[in-house]
K.L.:
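Let me give you the structure first, and then I'll get to my questions.
In what follows, residues are counted from 1 in the order of the sequence shown.
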Amino acid sequence: MTMKSSALTVLVVMYVWLLSSGSFSYGAKSDIDCLRAMKDSLEDPFNYLNTWDFNNSTEGFICRFTGIDCWQTDENRVLTIRLSDMGLKGEFPRGIANCTALTGLDMSSNKLYGHIPSKISQILEFVTSLDLSSNNFSGHISLELANCSSLNVLKLDNNQLTGHIPSQIGLLARIKTFSVANNHLTGPVPKFSNATISADSYAGNAGLCGGPLPPCKGQSKQRFIGIVAGAAVGGATVSTLVVECPKEEEDDDPDRNTGDSDHLEELIVVLVE
């Protein structure tokens, strides 16, 4: 199944579920509140949001707002929000949680700052595409992003994020695009089960390692258990001693010959008395 057909299937299933659950009956007010809260929480120096006029009571009026797509053009139910490259300033707009049927959020290339909300999976429950790239978000990547199970696209590149990437993000079964390039991240990158993420997606983070990047260094070392065995052979005693020697899980230098005798993994000494 292609990525487009898979995404379409998800949208259709969500639409049917929302209809059957009666969620649309509450959609108009909650989605209006969602967009009003977003506008109130963001600085808009270039007046891109001047079309967001809430002095209107006609059905579907928010669907004519700049950057807003609705499930149906005559119904105040937000499908996607696209506010890229508008010079918007402020923290992540938490009022977006009231857009309860939202499937896509693009707020890239703005001047947003602060932390990505720790409970973001509760704010963006059904989002399939999240693009917060090219802002000034800081702090750690929230583990809660791993609970946004519908995500196909997650772009957090070109921010000021620090710490490790939660390994659980690799469990996102639908992810196809993932980028955290040009942050300040460290540690091993996630192992994705259903996607191949290139090294470019991690570029600009000198502390990242593993996966498509060079192996991680300083990993714990294994040790062999020493064994001493004795037996009588032809009247002589033969003793075998296996000496404990460290063994590295990953070779820190990929160009080094792993067969070098300097990397002796075990030593067997046979003593005949």
K.L.:
Side-chain contact test, heavy atoms from C-beta onward, threshold under 4.5 Å: evaluate it for Ile116 versus Ile141 and give yes or no.
P.N.:
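No, too far: nothing below the 4.5 Å cut-off.
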K.L.:
Kindly indicate whether the side chain of Leu130, heavy atoms from C-beta on, has any atom under 4.5 Å from the side chain of Met107.
P.N.:
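No. Closest side-chain heavy atoms not under 4.5 Å.
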K.L.:
Between the side chain of Asp69 and the main-chain N/O of Thr80, is any donor-acceptor distance below 3.5 Å?
P.N.:
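Checking the backbone N and O of Thr80 against the side chain of Asp69, no donor-acceptor pair under 3.5 Å is found.
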K.L.:
Which residue, Asn158, Leu156, Asp157, Leu161, forms the side-chain contact (heavy atoms from CB on, under 4.5 Å) with Asn182?
P.N.:
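Result for side-chain contact (heavy atoms from CB on, under 4.5 Å) with Asn182: Asn158.
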K.L.:
Can you tell me how far apart CD1 (Ile62) and SG (Cys99) are? Round to the nearest 0.5 Å.
P.N.:
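If I round to the nearest 0.5 Å, the distance is 7.0 Å.
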K.L.:
State, yes or no, whether a side-chain contact exists between Leu143 and Pro166 at a heavy-atom distance under 4.5 Å.
P.N.:
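Yes; the side chains approach each other to less than 4.5 Å.
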K.L.:
Verify, without hydrogens or angle tests, whether Asn135 (side chain) and Asn110 (backbone) share a donor-acceptor contact under 3.5 angstrom.
P.N.:
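Here the side-chain-to-backbone pair exists.
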K.L.:
Side-chain contact test, heavy atoms from C-beta onward, threshold under 4.5 Å: evaluate it for Phe92 versus Phe137 and give yes or no.
P.N.:
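Yes, their side chains come closer than 4.5 Å.
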K.L.:
Checking Thr103 against Thr128: is there a side-chain donor and acceptor pair closer than 3.5 Å?
P.N.:
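Result is no, nothing qualifies.
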K.L.:
Working to the nearest 0.5 angstrom, can you tell me the gap between Arg94 CZ and Ile120 CD1?
P.N.:
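Nearest 0.5 Å value for the CZ-CD1 distance: 9.0 Å.
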K.L.:
Examine the side chains of Gln160 and Ser138 and answer whether a donor and an acceptor come within less than 3.5 Å of each other.
P.N.:
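The criterion, which ignores hydrogens and geometry beyond distance, is not satisfied for Ser138 and Gln160.
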K.L.:
Any chance the side chains of Asp33 and Asn98 put a donor and an acceptor closer than 3.5 Å?
P.N.:
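No.
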K.L.:
Has Lys111 got more than 12 heavy atoms of other residues, nucleotides or ligands less than 6.0 Å from its NZ?
P.N.:
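No, the 6.0 Å shell around NZ holds no more than 12 heavy atoms from other groups.
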K.L.:
Is the backbone N or O of Ile197 less than 3.5 Å from a side-chain atom of Ser201, with the two atoms forming a donor-acceptor pair by type?
P.N.:
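Not confirmed, Ser201 side chain does not pair with Ile197 backbone.
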K.L.:
With side-chain contact (heavy atoms from CB on, under 4.5 Å) as the criterion, how do Leu35 and Phe54 come out once you've worked through the C-alpha distance, each side chain's angles and the decisive distance to 0.1 Å?
P.N.:
CA-CA 9 Å; Leu35 299 185; Phe54 296 94; 3.9 Å; yes
K.L.:
Indicate yes or no for a side-chain donor-acceptor contact from Asn76 to the backbone of Gly60 under 3.5 Å, with no hydrogens or angles considered.
P.N.:
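Side chain of Asn76 to backbone of Gly60, a donor-acceptor pair under 3.5 Å: yes, one is there.
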K.L.:
Give the intermediate values and the outcome of side chain to side chain donor-acceptor pair (under 3.5 Å) for residues Thr100 and Arg77.
P.N.:
CA-CA 9 Å; Thr100 55; Arg77 193 66 168 177; 3.0 Å; yes
K.L.:
Is any side-chain heavy atom of Leu79 less than 4.5 Å from a side-chain heavy atom of Ile68?
P.N.:
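Side-chain contact under 4.5 Å: no.
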K.L.:
Look only at the side chain of Ser142 and the backbone of Ser118, and say whether a donor-acceptor pair between them is shorter than 3.5 Å.
P.N.:
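Checked: pair present.
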K.L.:
Does any N or O in the side chain of Trp52 come within less than 3.5 Å of the main-chain N or O of Thr66, such that one atom is a donor and the other an acceptor?
P.N.:
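Here the side-chain-to-backbone pair exists.
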K.L.:
Main chain of His184, side chain of Asn205: is a donor-acceptor contact present, judged purely on distance under 3.5 Å?
P.N.:
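At least one qualifying donor-acceptor pair exists.
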K.L.:
Could you tell me whether Phe65 and Tyr48 have their ring centroids closer than 6.0 angstrom?
P.N.:
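Ring centroids of Phe65 and Tyr48 are no less than 6.0 Å from each other.
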K.L.:
For side-chain contact (heavy atoms from CB on, under 4.5 Å), just list the numbers for Asn56 and Arg64, CA-CA rounded to whole Å, side-chain angles, deciding distance to a tenth of an Å, and then say yes or no.
P.N.:
CA-CA 11 Å; Asn56 193 327; Arg64 295 185 288 275; 4.2 Å; yes
K.L.:
Drop me the distance from Glu144's CD to Ser121's OG, to the nearest 0.5 angstrom.
P.N.:
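Between Glu144 CD and Ser121 OG, I get 3.5 Å after rounding to 0.5 Å.
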K.L.:
Are Leu132 and Leu154 side-chain neighbours, meaning at least one heavy-atom pair lies under 4.5 Å?
P.N.:
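In short, these two side chains do not touch, never coming nearer than 4.5 Å.
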K.L.:
Drop me the distance from Glu125's CD to Ser149's OG, to the nearest 0.5 angstrom.
P.N.:
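Reported to 0.5 Å precision, the distance equals 8.5 Å.
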K.L.:
Supply the atom-to-atom distance Phe192 CZ to Ser167 OG, rounded to the nearest 0.5 angstrom.
P.N.:
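So the CZ of Phe192 and the OG of Ser167 are separated by 10.5 Å.
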K.L.:
Taking Leu49's backbone N and O only, do any of them form a donor-acceptor pair with Asp44's side chain (distance below 3.5 Å, no angle check)?
P.N.:
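Pair found, side chain donor or acceptor close to backbone of Leu49.
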K.L.:
Hey, could you give me the CD1/CD1 distance between Ile96 and Ile123, rounded to the nearest 0.5 Å?
P.N.:
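Separation between the atoms: 8.5 Å.
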K.L.:
Regarding Arg82 and Ser108, is there a side-chain donor-to-acceptor distance under 3.5 Å anywhere?
P.N.:
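The answer is no; no qualifying pair exists.
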K.L.:
Less than 4.5 Å apart, side chain to side chain, heavy atoms only: is that true for Asp31 and Trp71?
P.N.:
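Side chain of Asp31 against side chain of Trp71, heavy atoms only: no contact under 4.5 Å found.
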K.L.:
Does the side chain of Leu83 reach to within under 4.5 Å of the side chain of Met38, using non-hydrogen atoms?
P.N.:
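Yes. Closest side-chain heavy atoms under 4.5 Å.
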K.L.:
Kindly say whether Ile175 contributes a backbone atom to a donor-acceptor pair with the side chain of Asn152 at under 3.5 angstrom?
P.N.:
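Checked: no pair found.
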K.L.:
With no hydrogens and no angle check, is any side-chain donor or acceptor of Asp106 less than 3.5 Å from a backbone partner on Ser84?
P.N.:
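Looks like no, no N/O pair under 3.5 Å.
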K.L.:
Quick check: is Val189 connected to Leu171 through a chain of hydrophobic side chains (ILVMFWY, heavy atoms under 4.5 Å apart)?
P.N.:
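No, Leu171 and Val189 fall in different hydrophobic clusters.
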